[in-house]
Protein chains: 2
Amino acid sequence: MTKIPNGKIAEPPTMSDVARRAGVSAMTVSRALKEGSHVSKATRERIAQAINELGYVLDQSAGSLSSRRTGFVAAIIPSINNSNFSDTARGITDALEGTGLQLLLGYTNYSVDREEELIEAMLKRRPEGIILTGGSHTPRGRRMLEQAGIPVIETWDRPAQPIDKVVGFSNGEAMELLVETLAGKGYQRFGYIGGTTARDTRGSQRRAGFVRALERLGLPSDRLISFGVPPISMEQGAQAVVNMLERWPDTQVALCVSDLSAFGALMECQRRGLKVPDDIAIAGFGDYEIAACCHPRMTTVNVDCYGIGRQAALKLTQTIQAVSAETLEPITLTSFRVVEREST
Amino acid sequence: MTKIPNGKIAEPPTMSDVARRAGVSAMTVSRALKEGSHVSKATRERIAQAINELGYVLDQSAGSLSSRRTGFVAAIIPSINNSNFSDTARGITDALEGTGLQLLLGYTNYSVDREEELIEAMLKRRPEGIILTGGSHTPRGRRMLEQAGIPVIETWDRPAQPIDKVVGFSNGEAMELLVETLAGKGYQRFGYIGGTTARDTRGSQRRAGFVRALERLGLPSDRLISFGVPPISMEQGAQAVVNMLERWPDTQVALCVSDLSAFGALMECQRRGLKVPDDIAIAGFGDYEIAACCHPRMTTVNVDCYGIGRQAALKLTQTIQAVSAETLEPITLTSFRVVEREST
DNA sequence: CGGATAGATGTTATCGCTATCATCCAAAAG
DNA sequence: CTTTTGGATGATAGCGATAACATCTATCCG
């Protein structure tokens with residue numbers, strides 16, 4: 001705390017304090033602090049000096065009340081400790097660079113109730129737009145978003161009933177592609193490791209895609225191991241693969257809801273002396289760094305996490321600036337591709 | 001956007017709109033929205049209904065201008081895609097639960113310049129406190145923090161000249177402990193893998209601790225492999241261990257600046273048919289999930305990441321509430337311990 | 001039954017900034 | 001030399017909420 005001689009805590013200086021010291025009006029200080037406004041060089045310098053001497057920092061919350069622009073966008077992701085989503089957050093930050101908008105990040109721990117709380121907390125601060133992960137929200141959360149009067153971007157998914165705009169891909173189709181690719185290599189007895197809770201919609205969709213693809217191929221699709229709620233730990237993958245091999249010892253390939261559980265499964269197999277992919281093949285989802293680095297390197301589905309973030313932020317800023325909002329593509333599909341490596 | 005019949009975009013409702021509809025004054029609405037204030041049940045219900053009908057959401061930025069409480073604290077971490085730091089963020093969030101304070105998270109990508117930008121951006125929004133990672137900042141960043149008049153908590157480190165309060169540990173001592181533990185098991189020829197850039201102060205301190213411990217033990221301390229700037233990838237760890245084995249083929253144990261590079265090194269050794277720990281032992285730092293799950297399981301230094309966050313947030317709220325700030329411990333040391341596993 | 005008491009509500013005055021309009025002045029144009 | 005023009009600056013009025021104080025009722029008590 002900055003104290004002044006008499007021992008009381010000094011109030012932080014305001015714009016008027018700066019103005020007085022520089023011998024100008026508050027309005028001129030406000031202008032000097034904003035790019036592209038007409039303030040003479042001499043005045044600007046005097047103001048800069050006053051700011052420096054006083055240690056003044058603009059109070060943006062007061063400013064945004066007046067200008068009706070808060071200068072930030074909200075993004076809500078399930079977990080920050082998941083590089084897929086943090087890549088998306090990076091994409092958003094990067095795309096926001098230079099727009100004068102700042103990112104306010106929140107994470108839900110995969111809980112829709114927590115998401116609802118966050119949506120409300122964010123909207124109370126009047127973001128200029130909001131980016132969400134996935135398309136399932138609580139009814140109240142959805143209503144708040146619809147009524148907020150700001151652009152809403154849902155990502156990482158293709159919701160059946162989008163609130164506004166979407167930047168994502170079909171998790172089901174991505175998993176189908178993986179199954180087909182591996183079936184094309186001759187695998188027939190597929191197992192799936194991953195939860196099915198309502199909590200992880202993307203996980204459920206991947207699992208549904210797994211079943212769909214196998215049914216279409218006329219292969220058995222009943223080897224499904226579920227585990228608890230996300231976030232899915234590596235250790236859970238390890239346990240699940242043990243479980244799977246006990247129930248269906250002749251499983252040829254185990255597909256996992258994410259690279260993290262796939263990695264857990266892979267390590268557990270090695271501990272048990274099973275050769276991957278000879279004794280059992282393993283594939284993941286997400287193309288995390290670990291998939292490219294582990295031994296054997298992991299087959300997985302690459303998803304354009306960073307691009308999702310970039311494009312979501314781009315669509316957001318475009319929507320904000322749009323004169324006629326109708327011209328914008330409401331749905332942007334992002335790419336995914338199977339990355340075949342040594343584990344299959 | 002919500003549109004009204006005549007085609008114009010409806011302004012979002014304000015508290016006065018709610019008040020009018022409920023037949024009360026704005027002040028009563030404000031009270032009804034705040035816990036523990038006296039509003040009759042009947043009025044409260046009418047207000048709730050009006051809020052519901054209008055889809056009103058409180059404008060907190062206006063409220064905080066008036067009440068001079070913004071209701072959030074800022075935290076700045078190097079990377080969100082690093083479970084050590086995101087655990088700290090979780091600890092902060094959890095400890096803030098129920099205090100009415102919300103976390104505003106920013107990440108620097110290990111750049112002090114970016115940190116300075118973030119500090120300024122955060123302070124413009126008038127947080128009630130700020131939590132930083134590490135103790136090195138730009139001079140301007142430091143000055144802004146000192147003058148902000150809010151509690152500042154530096155974490156993950158023991159700065160020589162703290163700005164205000166500290167919750168952390170000595171990265172150097174932690175690494176020394178690891179060296180001593182392994183020396184106690186008979187290892188003599190130690191190598192170190194990790195950068196030394198000014199950019200990653202914690203990494204540099206770990207390296208300094210490595211050298212210090214070996215010198216004290218009378219063992220050679222010159223086997224140091226550096227690589228680029230953080231964030232350190234697993235792949236860099238893989239390259240570094242190859243480099244190390246070329247230069248000093250008889251290295252017995254490689255200590256890495258983080259579990260992530262240690263993991264990369266471990267996998268690379270396996271690819272080259274080297275047995276860990278028989279041909280070469282490897283240890284990491286941070287006790288990431290991967291260290292407990294990989295094969296062989298990794299020896300590492302466990303740091304109380306989550307606790308750092310919890311205690312930092314705790315100290316922050318205590319400082320905010322403190323009548324006499326002097327009674328609070330300025331420095332809280334958090335624990336670390338060596339976790340011996342199969343890789344050494 | 002009058003005064004004390006406390007709960008319920010309203011009124012007024014900001015909070016720190018910026019939008020808007022007004023003013024002033026010097027340089028350019030005619 | 002007058003008129004036009006636009007850059008530089010100032011004065012004023014909010015933005016949407018809440019703090020602080022003022023009122024006005026019931027209810028309670030001796």
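What you see below is based on every heavy atom in this structure, not just the backbone, and it leaves out hydrogens, waters and symmetry mates.
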Rounded interatomic separation in angstrom, taking CG from D17(A) and P from dC17(C):
9 Å
So, is Y56(B) near the phosphate of dA17(D), with a side-chain N or O under 4.0 Å from OP1 or OP2?
yes
Electrostatic pair R143(B)-E146(B), nearest N-O below 4.0 angstrom:
no
Rounded to the nearest angstrom, tell me the gap between atom CG in D59(B) and atom C1' in dG16(C).
15 Å
Can you tell me how far P of dG10(D) sits from CD1 of I47(A), to the nearest Å?
8 Å
Please tell me if T43(A) has a side-chain N or O lying less than 4.0 Å from either OP1 or OP2 of dA8(D).
no
Between dA22(C) (C1') and H38(A) (NE2): distance, integer Å
16 Å
Atom-pair distance (CD on Q60(A); P on dG16(C)), nearest Å
16 Å
So does T28(A) get a side-chain nitrogen or oxygen closer than 4.0 Å to the phosphate oxygens (OP1/OP2) of dT9(D)?
no
Is the phosphate of dA19(D), meaning OP1 or OP2, less than 4.0 Å from a side-chain N or O of K34(B)?
yes
Nucleotide nearest S25(B) when distance is taken to its side chain, options dT18(D), dA17(D), dG10(C):
dG10(C)
Heavy-atom pair of closest approach, residues R202(B) and P78(B)
NH2-CG, 3.6 Å
Distance in angstrom units between E11(B) CD and dA17(D) P, rounded
12 Å
Report which part of the nucleic acid S61(B) touches: base, sugar-phosphate, or nothing (heavy-atom distance under 4.0 Å, all strands).
nothing
Please tabulate, one pair per line, each protein N/O and nucleotide N/O from nucleotides 12-15 of chain C that are separated by under 3.5 Å, including the distance.
unit_1  : atom_1 : unit_2 : atom_2 : d
dC15(C) : O3'    : R68(B) : NH1    : 3.1
dC15(C) : O2     : S66(B) : N      : 3.3

Please report the closest heavy-atom contact between N81(B) and S86(A), naming both atoms and the distance.
CB-OG, 3.0 Å
Please state how far atom CG in L58(B) lies from atom C1' in dC15(D), giving the value in whole angstrom units.
14 Å
If every non-hydrogen atom of I131(B) is compared with every non-hydrogen atom of I92(B), which pair is closest and at what distance?
CD1-CD1, 3.8 Å
Any N or O donor-acceptor pair under 3.5 Å from the base of dG10(C) to the side chain of R31(B)?
yes
For atom CZ of R69(B) and atom P of dA19(D), their distance in whole Å:
10 Å
Please figure out whether S40(B) or M15(A) has its closest DNA chain C nucleotide nearer the 5' end.
S40(B)
Which atoms form the tightest heavy-atom contact between K315(B) and E329(B), and what is the distance?
NZ-O, 2.6 Å
